[in-house]
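Quick notes on the structure that follows.
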Amino acid sequence: MVSLLQSVKDYLGIENDDDSFDGAITGHIDVSVFTLGQILTTIPEYTADTDADSIPKEVLMYIKLSTKLLFDPSASATVQDAITKAKNELEWRMSVDTPYLE
């Protein structure tokens with residue numbers, strides 16, 4: 001089982017055994033999940049310990065992108081803009097009635 005925290009750390013390029021940023025990353029994951037509660041029709045109960053495989057791929061990618069923007073913003077405006085656009089598109093798509101994400 002890969003936890004949500006481990007999956008996000010892998011996306012950010014942080015080694016799983018490096019726990020020096022876990023508190024900050026977990027806080028950003030929580031903010032992303034809180035935002036998802038306002039986008040989706042039901043409030044997700046994901047925590048940093050949730051099995052990442054149990055989370056719909058679109059939701060998992062949203063959490064990763066959102067955490068990336070908050071925790072490790074790119075110095076490149078082009079990259080930053082691309083990540084923001086991808087996150088915004090996922091927000092819009094998830095805001096439309098998507099029954100399999102419930």
Side-chain angles (χ1 to χ4, degrees):
M1 173 186 104
V2 174
S3 71
L4 175 56
L5 176 60
Q6 290 170 324
S7 182
V8 171
K9 284 172 66 171
D10 181 55
Y11 182 76
L12 295 172
I14 299 172
E15 296 291 327
N16 281 331
D17 59 350
D18 180 358
D19 61 358
S20 55
F21 301 107
D22 286 5
I25 295 169
T26 299
H28 295 313
I29 289 171
D30 291 344
V31 168
S32 300
V33 172
F34 176 76
T35 304
L36 281 168
Q38 296 176 324
I39 296 170
L40 301 175
T41 56
T42 59
I43 298 172
E45 296 185 18
Y46 307 131
T47 66
D49 297 326
T50 301
D51 180 5
D53 291 332
S54 70
I55 301 172
K57 291 177 184 156
E58 298 80 4
V59 173
L60 182 60
M61 181 52 68
Y62 175 81
I63 292 170
K64 289 177 179 180
L65 291 171
S66 180
T67 303
K68 168 81 174 150
L69 287 169
L70 294 169
F71 178 76
D72 185 26
S74 177
S76 166
T78 304
V79 172
Q80 185 79 2
D81 187 48
I83 294 170
T84 300
K85 284 181 180 178
K87 178 184 160 274
N88 290 344
E89 182 172 342
L90 278 171
E91 284 177 349
W92 179 83
R93 291 185 182 279
M94 288 187 293
S95 71
V96 176
D97 187 24
T98 316
Y100 69 90
L101 293 178
E102 294 178 10

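Keep in mind that what you see is a predicted model, and the values were worked out from it rather than measured.
There is a side-chain donor-acceptor pair under 3.5 Å between Asp18 and Ser20.
When all heavy atoms of Gln6 and Met1 are compared, the pair lying nearest together is OE1-O, 3.8 Å. Here the closest heavy-atom approach between residue Thr35 and residue Glu91 is recorded as CG2-OE2, 4.4 Å.
A continuous path of hydrophobic side-chain contacts links Val33 to Phe21 [ILVMFWY only; heavy atoms under 4.5 Å]. Note: the hydrophobic cluster containing Leu70 does not contain Leu12 (ILVMFWY, side chain heavy atoms under 4.5 Å, direct or indirect links). Transitive grouping of hydrophobic side chains (ILVMFWY, heavy atoms separated by less than 4.5 Å) brings Val8 and Val79 into a common cluster.
Distance check, rounded to the nearest 0.5 Å: CG of Asn16 to CG of Leu5 gives 8.0 Å. A distance of 11.0 Å separates OG1 of Thr84 from NZ of Lys68, quoted to the nearest 0.5 Å.
Judged by distance alone, with hydrogens and angles left aside, the side-chain atoms of Ser7 form no donor-acceptor pair with the main-chain N or O of Leu4 at under 3.5 Å. Looking only at distances, no side-chain donor or acceptor of Glu89 sits under 3.5 Å from a matching main-chain atom of Ala86. Using modelled atom types, one side-chain atom of Ser32 and one backbone atom of His28 make a donor-acceptor pair closer than 3.5 Å. Between the side chain of Thr26 and the backbone N or O of Gly23 there is no donor-acceptor pair closer than 3.5 Å.
Counting only heavy atoms from C-beta outward, the side chains of Tyr11 and Leu60 never approach each other to under 4.5 Å.
By the neighbour-count criterion of 12 heavy atoms within 6.0 Å, atom CD of Gln38 is densely surrounded, having more than that number from other residues, nucleotides or ligands.
The only option from Asp72, Asp17, Asp22, Asp19 that meets the salt bridge (Lys or Arg N to Asp or Glu O under 4.0 Å) definition with Lys9 turns out to be Asp22.
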Run the side chain to side chain contact (heavy atoms under 4.5 Å, CB included) check on Trp92 and Ile39 step by step: do they pass?
CA-CA 8 Å; Trp92 179 83; Ile39 296 170; over 6 Å; no
Criterion side chain to side chain contact (heavy atoms under 4.5 Å, CB included) on Thr67 and Tyr62, from CA distance to verdict:
CA-CA 8 Å; Thr67 303; Tyr62 175 81; over 6 Å; no
Which is it for Leu36 and Ile63 under the side chain to side chain contact (heavy atoms under 4.5 Å, CB included) test, yes or no, and what are the steps along the way?
CA-CA 9 Å; Leu36 281 168; Ile63 292 170; 3.8 Å; yes
